[in-house]
**Student:** 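My questions all concern the structure below.
As the structure is a computational prediction, the values presented were derived from the model and not from experiment.
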Amino acid sequence: MTTESTQDSSAGRSRAQVVIDGIRQMITSGELVAGSRLPVERELGARLGVSRGPLREGVRALVILGILETRQGDGTYVTSLEPGRLFEPLGMLAELQSPENSVHLLGVRRVLEPEAAAHAALRIGDEDLAEAARILDRGEALLEGDDIDLEATIDVDTAFHRLIANASGNPAFAAIIDALVSRTARARLWRAIHQQGAVQSTQQEHRAILAALAAHDPDRARIRMQVHVLGVEEFTATEVTAGHLDGADDEADAAASVAPTFD
């Protein structure tokens with residue numbers, strides 16, 4: 001690439017940033033709100049002082065971020081701006097992390113999930129408590145046979161944590177935790193494979209968390225959740241230090257199809 005073409009590319013990116021910043025300002029100022037239609041391309045380009053190329057590049061970037069959406073034949077609109085949509089790129093970021101870095105994601109979970117559990121303990125209703133119990137019943141049923149479907153136990157774990165995050169009443173909590181829980185599944189599966197009794201211990205910890213939620217005891221719910229997530233984080237950190245996570249994804253995939261027998 002020539003110096004001139006590099007400069008042109010950099011200039012294009014900087015002009016696209018002008019578009020991103022300009023539309024963001026229009027949203028934060030209240031000029032555009034959730035569901036608003038953007039001005040037509042010519043008008044918006046003139047207002048922001050950019051040509052069609054950078055304008056479209058900037059709009060595409062905001063579409064990827066979940067801030068804008070294009071409707072065929074109807075223009076471009078501001079999305080609902082709900083946390084679940086805006087935090088979707090966080091899930092991609094977490095998914096791209098190496099197995100070794102999953103311990104950092106688990107550390108973030110350890111900070112967020114105890115507080116979500118405490119909030120949920122104050123707000124959770126009978127319907128969600130009943131659903132949480134049904135989820136754990138499914139988990140216990142999986143433990144009854146000689147061969148345990150490890151991926152199914154991770155699905156139960158994910159569903160339980162997702163329910164608690166949603167019950168917290170905080171959409172930002174729910175969106176971030178949902179992204180992190182689903183993207184740390186491999187670390188939890190690795191622990192289930194290599195730590196004897198981990199699946200059974202997880203189920204017991206889930207029951208203790210549910211008991212705290214049912215008692216509407218935020219302090220106990222916070223502590224139970226913190227202990228629960230810390231166990232996975234500490235095990236993963238130990239495996240990273242020992243260098244055992246090389247090829248962890250491949251082994252986890254293999255174990256998903258041929259589950260071991262647990263004593």
**Student:** State the CZ-OH distance between R37 and Y77, to the nearest 0.5 angstrom.
**Tutor:** 5.0 Å

**Student:** Using 0.5 Å steps for rounding, measure from the OG atom of S29 to the CD atom of E31.
**Tutor:** 5.0 Å

**Student:** Check the orientation of F160 and H206. Use parallel for under 30°, tilted for 30 to 60°, and perpendicular for over 60°.
**Tutor:** tilted

**Student:** Show the nearest heavy-atom pair for residues P218 and L122, with the distance to one decimal.
**Tutor:** CG-CD2, 3.8 Å

**Student:** To the nearest 0.5 Å, how far apart are CG in L55 and CD in E57?
**Tutor:** 10.5 Å

**Student:** Picking from L62, L65, I67, what satisfies side-chain contact (heavy atoms from CB on, under 4.5 Å) with I20?
**Tutor:** L62

**Student:** Give, for atom CG of L163 and atom CD of E131, the distance between the pair rounded to the nearest 0.5 Å.
**Tutor:** 6.5 Å

**Student:** Can we say R207 and E205 salt-bridge, meaning some charged N sits less than 4.0 Å from an Asp/Glu carboxylate O?
**Tutor:** no

**Student:** Salt bridge between R224 and E113, side-chain N to carboxylate O under 4.0 Å?
**Tutor:** no

**Student:** Please find the pair of heavy atoms, one from H216 and one from I124, that lie closest to each other, and give the distance.
**Tutor:** CE1-O, 3.2 Å

**Student:** Determine, step by step, whether V19 and R60 satisfy the side chain to side chain contact (heavy atoms under 4.5 Å, CB included) criterion, reporting the C-alpha distance in whole Å, the side-chain angles of both residues, the deciding distance to 0.1 Å, and the verdict.
**Tutor:** CA-CA 10 Å; V19 176; R60 279 196 298 270; over 6 Å; no

**Student:** Distance from E233 atom CD to Q226 atom CD, nearest 0.5 Å?
**Tutor:** 9.5 Å

**Student:** Can you name the closest pair of heavy atoms from A167 and D128 and give their distance?
**Tutor:** CB-OD2, 4.1 Å

**Student:** To check you understand the geometry: which heavy-atom pair defines the closest contact between E115 and H119, and what is its length?
**Tutor:** O-ND1, 2.8 Å

**Student:** Verify the distance criterion only: is there a donor paired with an acceptor across the side chains of D21 and Q17 at less than 3.5 Å?
**Tutor:** yes

**Student:** Using a 4.5 Å cut-off on heavy atoms from C-beta on, say whether the side chain of T236 contacts that of V232.
**Tutor:** yes

